[in-house]
Amino acid sequence: MSTSAHQPATATVHTGGTVTDRLVEANRQYAAEFQDPGMDARPVLKVAVVACMDARLDLHAALGLELGDCHTIRNAGGVVTDDVIRSLTISQRALGTRSVILVHHTGCGLESLTEDFRIELEEEVGQRPAWAVEAFRDVDQDVRQSMQRVRTSPFLLHADDVRGFVFDVTTGLLREIDPAR
């Protein structure tokens, strides 16, 4: 099929009514009114937030953040893994952040998993994942462990302003975790 001079070639468009289709349409609407805010990648508040990927956490709303205020790094559990250290290192060394806030939450799915999850995956697919599940039973203790991982990383320039919190998914309140307990 040839494309006439009046009709530009377009990529294949899926119109099956999937969730992804809905999100792509929402992006088209967003882009129609989008104006470049003129920002660069350096967060205005010089802070990186590490949090769980849980869909109940609206971090910007919960922390009073605006577009451009922070770097947001999310994963299952908000656990400080090697990849989180990688992202924090780039955030600090290349993009100027100085503070780190860790946000775990009540009712986290990682509290109901164990490292046996990896073995179950191996039995199902024939290969054990190289990554750890990082499951935990005590959310407060896991926040402490994550704070310690950030504070002791040799790659991070700024480990003096690292604070950890547990977000209560029923009240929306943050509870700060004492790293010394």
Side-chain angles (χ1 to χ4, degrees), residues 19-20 22-112 134-153 155-181:
V19 170
T20 302
R22 186 179 123 215
L23 299 178
V24 169
E25 179 55 33
N27 174 256
R28 285 188 190 106
Q29 293 173 17
Y30 171 79
E33 297 181 25
F34 182 79
Q35 293 183 5
D36 180 358
M39 300 176 183
D40 68 14
R42 296 175 182 274
V44 173
L45 298 179
K46 299 182 183 211
V47 63
V49 179
V50 178
C52 184
M53 65 186 191
D54 192 291
R56 297 172 289 181
L57 276 68
D58 182 349
L59 290 172
H60 276 74
L63 299 174
L65 296 167
E66 299 292 332
L67 181 67
D69 281 348
C70 72
H71 283 158
T72 306
I73 304 160
R74 295 181 80 157
N75 67 17
V79 177
V80 175
T81 61
D82 287 345
D83 194 58
V84 168
I85 294 294
R86 171 189 156 272
S87 293
L88 288 172
T89 301
I90 293 166
S91 178
Q92 287 190 357
R93 290 180 175 267
L95 297 166
T97 60
R98 301 185 60 84
S99 300
V100 177
I101 295 174
L102 307 172
V103 182
H104 285 36
H105 65 91
T106 58
C108 185
L110 282 186
E111 291 176 292
S112 64
E134 296 281 353
F136 53 85
R137 294 281 176 257
D138 180 339
V139 67
D140 291 17
Q141 183 54 35
D142 201 65
V143 171
R144 285 186 198 94
Q145 177 175 303
S146 290
M147 283 190 283
Q148 186 65 13
R149 285 179 178 173
V150 171
R151 288 183 172 146
T152 60
S153 173
F155 306 110
L156 299 176
L157 295 172
H158 308 287
D160 54 324
D161 189 13
V162 178
R163 293 172 65 185
F165 301 86
V166 175
F167 177 85
D168 187 314
V169 297
T170 61
T171 67
L173 288 172
L174 288 175
R175 177 173 49 82
E176 188 159 8
I177 301 302
D178 181 353
R181 291 177 104 201

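As the structure is a prediction and not an experimental result, all values here were calculated from the model.
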Are any side-chain N or O atoms of [X] and backbone N or O atoms of [Y], one a donor and one an acceptor, separated by less than 3.5 Å?
X      : Y      : result
Asn75  : Val79  : yes
Arg151 : Asp160 : no
Arg56  : Val169 : no
Thr89  : Ile85  : yes
Ser112 : Gly109 : yes
Arg98  : Leu45  : no
Thr97  : Ser91  : yes
His71  : Ala41  : yes

Side-chain heavy-atom pair [X], [Y] within 4.5 angstrom cut-off:
X      : Y      : answer
Val84  : Arg149 : no
Val100 : Gln92  : yes
His104 : Ile177 : no
Val103 : Leu174 : yes
Val139 : Glu111 : yes

field: Given Val47, Leu59, Leu63, the one that forms side-chain contact (heavy atoms from CB on, under 4.5 Å) with Thr72
entry: Leu59

Quick check: closest heavy atoms across [X] and [Y], and the distance to 0.1 Å?
X      : Y      : result
Val143 : Gly164 : CG1-CA, 3.6 Å
Cys52  : Cys108 : SG-SG, 4.2 Å
Glu134 : Gln145 : OE1-NE2, 4.2 Å
Pro43  : Asp69  : CB-O, 3.3 Å
Gly172 : Phe167 : O-CE1, 3.2 Å
Val49  : Cys70  : CG2-SG, 4.1 Å

Is the [atom1] atom of [X] crowded by more than 12 outside heavy atoms at less than 6.0 Å?
X      : atom1 : answer
Arg137 : CZ    : yes
Arg144 : CZ    : yes
Arg74  : CZ    : yes

Atom pair [atom1] ([X]) and [atom2] ([Y]), whose distance is rounded to the nearest 0.5 Å:
X      : Y      : atom1 : atom2 : result
Thr20  : Asn27  : OG1   : CG    : 12.5 Å
Thr81  : Arg86  : OG1   : CZ    : 10.0 Å
Lys46  : Asp161 : NZ    : CG    : 13.0 Å
Asp142 : Met147 : CG    : CE    : 10.0 Å

query: Any side-chain donor-acceptor pair under 3.5 Å between Glu25 and Gln29?
result: yes

